[in-house]
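Note that the coordinates shown come from a computational prediction; the quantities given were computed from them, not determined experimentally.
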Amino acid sequence: SAVRGAWFSQDKYSMFIHWGLYSMPAGEWKGKTYYGISEWLMSNRVADIAVDEYKKLAEQFNPTDFDAKAIVKMAVDAGMKNIVITAKHHEGFAMYHSKSSAYDIEDATPFKRDPLKELAGACADAGIGLGFYYSQMQDWYEQGGAHLPWNSSKQTRSFDKYFDEKVVPQVTELLTEYGDIRTVWFDTPGSMTKVQSQKLVDLTRSLQPKAMINSRIGNGVGDFKTLGDHSLSQVNHPGLWETIDTTNNSWGYAWYDKNWKSGTEILHRLISTVGRGGNYMINIGPTGTGEVPKMAEKGLLSAGNWLKQYGDT
Ligand code: JFZ
């Protein structure tokens with residue numbers, strides 16, 4: 001609808017945040033580094049990490065450096081209007097207080113805080129939008145969630161049951177307990193049925209009528225199109241679309257990834273996208289202690305200074 005689309009067209013520039021248990025190993029397991037995108041470590045075929053072993057990360061997860069207000073201030077100073085954070089990535093761990101699963105930051109870690117609630121409050125105070133990333137099909141922890149082929153044996157529950165017993169309740173929590181949600185960002189729909197994709201659309205419409213849903217909900221039922229990762233578009237696209245990007249290479253924090261974009265590069269990529277009618281969303285990956293890498297902040301704030309001086313946002 002026009003009401004929903006209005007948010008999206010005005011935002012233009014958003015912060016993406018990938019943050020989860022994977023931020024702690026940061027690409028390293030038992031002294032060996034697995035290069036690539038660090039949030040995929042659990043399913044690295046060579047590392048061959050058992051679910052029971054991986055889940056022990058939660059016992060040590062205590063990111064006391066997490067500062068929602070500082071992150072929101074960084075986004076505002078960068079010139080951004082919206083933040084989208086991983087509520088649950090493929091690893092299956094809920095980064096908020098989930099009442100429908102004990103595999104969450106409140107129940108399974110010593111941290112005992114709800115960072116998504118803190119972020120929701122800080123975004124509301126600053127007047128910027130908040131959205132949640134939710135991996136609706138892949139869940140490498142959960143029985144019935146989609147696993148990778150080499151890691152999918154002995155499932156004691158069907159995908160349909162996992163969907164109704166975990167995805168629907170968790171998305172409901174996220175859309176009822178955190179105030180106004182601007183974006184519901186789904187990912188890797190795989191073989192989900194259209195009925196399932198539509199069920200998430202209907203749920204979102206009933207609980208957050210103004211929220212925008214991305215195309216990775218699957219089956220063509222989203223409100224806007226997310227292009228393939230990192231791809232700067234050379235052309236305009238019909239309808240509403242976005243490019244997603246990272247301040248370095250990996251989405252989740254990876255200790256070895258120092259390929260930071262400068263402020264000038266970020267500006268180039270932002271303007272290249274917005275000039276073709278798209279929105280631009282660029283990722284930061286906080287560490288396992290909740291700290292934002294200094295070089296990510298540097299590039300974003302340097303671009304933000306230019307925007308403040310020469311833009312009218
Ligand atoms: C997905 C995730 O698997 C990844 O961990 C990260 O969260 C990223 C933002 O999204 O990866 C994808 C999904 C779709 C494409 C590429 C990577 N694609 O369509 O090109």
Just by distance, no angles: are the side chains of His89 and Ser135 close enough, under 3.5 Å, to form a donor-acceptor pair?
no

Validation row: Val84, Ile17 side chains within 4.5 angstrom (heavy atoms):
no

From the list Tyr178, Trp185, Tyr96, Trp19, ring pair (Phe, Tyr, Trp, His ring centres under 6.0 Å) with Phe132 holds only for Tyr178

Evaluate whether atom NZ of Lys298 has more than 12 neighbouring non-hydrogen atoms of other residues, nucleotides or ligands under 6.0 angstrom away.
no

Once rounded to the nearest 0.5 Å, what's the spacing between atom OG of Ser101 and atom CD of Glu173?
8.5 Å

Interatomic spacing from CG in Asn249 to NZ in Lys261 - rounded to 0.5 Å:
6.0 Å

Verify the ring-centre separation between Tyr34 and Trp40: is it less than 6.0 angstrom?
no

NZ/NE/NH1/NH2 to OD/OE distance under 4.0 Å, Lys69 and Asp125:
no

May I ask you to decide if Thr226's main-chain N or O and Asn214's side chain share a donor-acceptor pair within less than 3.5 Å?
no

Does a donor on one side chain and an acceptor on the other come within less than 3.5 Å for Asn248 and Asn259?
no

Charged N to carboxylate O under 4.0 angstrom, Lys55 versus Asp52?
yes

Within the 6.0 Å centroid threshold, strictly below: Trp140 and His147:
no

Show every donor-acceptor pair shorter than 3.5 Å between a side-chain atom in residues 188-196 and any protein atom, with sequence neighbours excluded, or say none if there are none.
from: Thr188; atom 1: OG1; to: Gln138; atom 2: NE2; distance (Å): 3.1
from: Thr193; atom 1: OG1; to: Gln196; atom 2: N; distance (Å): 3.1
from: Thr193; atom 1: OG1; to: Gln196; atom 2: OE1; distance (Å): 3.2
from: Gln196; atom 1: OE1; to: Thr193; atom 2: N; distance (Å): 3.1
from: Gln196; atom 1: NE2; to: Asp160; atom 2: OD1; distance (Å): 3.0

With a 4.0 Å cut-off, would you call Lys99 and Glu177 a salt bridge?
yes

Ring centroid separation for His18 and Tyr133, is it under 6.0 angstrom?
yes

Report the C-alpha separation of Leu240 and Lys225 in whole Å, then their side-chain angles, then the decisive distance to 0.1 Å, and conclude whether the side chain to side chain contact (heavy atoms under 4.5 Å, CB included) test is met.
CA-CA 6 Å; Leu240 302 174; Lys225 184 172 166 57; over 6 Å; no

Between His268 and Thr264: side-chain donor-acceptor atoms closer than 3.5 Å
no

So, are Asp139 and Lys166 salt-bridged, with charged N and O less than 4.0 Å apart?
yes

State the CG-CE distance between Leu300 and Met295, to the nearest 0.5 angstrom.
11.0 Å

Any non-hydrogen side-chain atom of Phe66 less than 4.5 Å from a side-chain atom of Ile71?
yes

Separation of Met137 CE from Ile217 CD1 (nearest 0.5 Å):
13.5 Å

Here the gap from Ile284 atom CD1 to Ile85 atom CD1, rounded to the nearest 0.5 Å, amounts to 8.0 Å

Roughly how far, to the nearest 0.5 Å, is CD of Glu28 from OG1 of Thr33?
4.5 Å

Is it the case that atom NZ in Lys30 sees more than 12 heavy atoms from other parts of the structure closer than 6.0 Å?
no

Are the side chain of Ser38 and the backbone of Tyr253 linked by a donor-acceptor contact shorter than 3.5 Å?
yes

Tyr280 and Glu242: side-chain hydrogen bond (donor to acceptor under 3.5 Å, both in side chains), yes or no, with the steps?
CA-CA 6 Å; Tyr280 185 69; Glu242 72 174 0; over 6 Å; no

Judged by modelled atom types alone, do Asp104 and Ser98 share a side-chain donor-acceptor pair under 3.5 Å?
no

Do the side chains of Lys88 and Glu142 get close enough for a salt bridge, i.e. N-O under 4.0 angstrom?
no

Salt-bridge criterion met for Glu106 and Lys112 (N-O under 4.0 Å)
no

For Arg276 and Ser272, test the side chains for any donor-to-acceptor distance below 3.5 angstrom and give the result as yes or no.
yes

Can you confirm whether or not the ring centre of Phe93 sits under 6.0 Å from the ring centre of Tyr141?
no

Is the closest basic N to carboxylate O distance between Arg157 and Glu165 below 4.0 Å?
yes

Is the closest side-chain donor-acceptor distance between Gln198 and Asp202 under 3.5 Å?
yes

Under 4.0 Å between a Lys/Arg side-chain N and an Asp/Glu carboxylate O for Arg205 and Asp223?
yes

Could you tell me if the side chain of Ile244 sits less than 4.5 Å from the side chain of Asn283, heavy atoms only?
no

Under a 3.5 Å cutoff, is there a donor and acceptor pairing between the side chains of Gln143 and Tyr162?
no

